[in-house]
Amino acid sequence: MNRPHATPAGVFSPVTGKSLANVSQKDFAGYMTRSFVAATLIFLTFFAPASAVAGEQWEWPLDGHEVGREFDLPDDPYGAGNRGVDLRGQVGDPVRSVAAGEVSFVGTIAHVRIVVVNHGRERSTYQPVAATVQVGDAVTAGQQIGSLLGTGSHCVDSPCLHLGRKAGDRYLDPLALMARTRRFQLINPDGPPPPPPIAEGGSFRRPVGGPITSPFGMRVHPITGVRKLHDGTDFGVPCGTPVHAAASGIVITSEFAAAYGNRVILQHEGGLTSSYNHLSVESARVGDRVQVGDIVGNSGTSGLSTGCHLHFMVEKEDKPVNPMNWL
Ligand SMILES: [Zn+2]
């Protein structure tokens, strides 16, 4: 049976990927001698219904919601990548538990101070953090567990919190649970207004209504018969339907391009582009600045298309990503 309270043997160095069981024997021993109250909590946590244990959403651990580096799990367990997300913050910022749980590890691993909170099926990890909690403490969602340290951070240019999400030994994307929460940025009252933050989950607006007639993903092309990546989301709308910019940006392409037909491409913050394909009319010109919701064209069936629809694409650093992750 799994130990739901995650002994430190379940903690792996985010740098080497190695088990850190040896590092934390002392903490574990301390943990084992804790009070009956803690033991009762473990029992309740483990035997409570699953929905009450893991929670479907995580709160942001910092007051600021700026993502420095996203989750990027390497294929090789020792390879480079990012086994969590880096959230930008300031030294001393309060660090809060993303969900209710129990502190299962507080210690230093490879010179980095780490806090781990067990939520039942999953655990959240926080580093570098000066802990204000102890192993065995029960915490609520949003409860402060420590403060952000300036040393031992992943980020070179500014302090950041590395937040990890683990189920057993598997690393999962924390943002997948946080995407739907409201996000905001701290702004300098003396500076210019910052661009709206663009991150996965709700930061793009749907360019048209209509049903999704073909999702992003591998499919057999309806015309060529070839199985390949369908690199966008198709919305079924009549020809001539106004197509709106999914986010504010600059028009970098407005032209006819073979398979995509008449297309408009917008450049956004954060290495993102959105494109609107098979249009009947392009009404945006290269160099135009558009605001979210502005009309960039009308839907059509130009290019390699079987009927009127909008093929909406989002690319991140020139790689197509699932647009629905951004809507
Ligand atoms: Zn399509």
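Atoms within each ligand, like the ligands themselves, are counted from 1 in listed order. Residue numbers start at 1 and run along the sequence shown.
Looking at H311 and the Zn ion (ligand 1) together, the shortest N, O or S contact belongs to ND1. Restricting D234 to its N/O/S atoms, the shortest distance to the Zn ion (ligand 1) is reached by OD1.
A salt bridge links D63 to R96: at least one charged side-chain nitrogen sits closer than 4.0 Å to a carboxylate oxygen. Salt-bridge check for R219 with D234: passed, with a basic side-chain N closer than 4.0 Å to an acidic carboxylate O. Checked for salt-bridge contact, E122 and K166 miss the test: no charged N lies under 4.0 Å from a carboxylate O.
H230 lies close to the Zn ion (ligand 1), since one of its N, O or S atoms is found at a distance under 2.8 Å.
Side-chain contact between T224 and L304: present, with at least one pair of heavy atoms (C-beta onward) separated by less than 4.5 Å.
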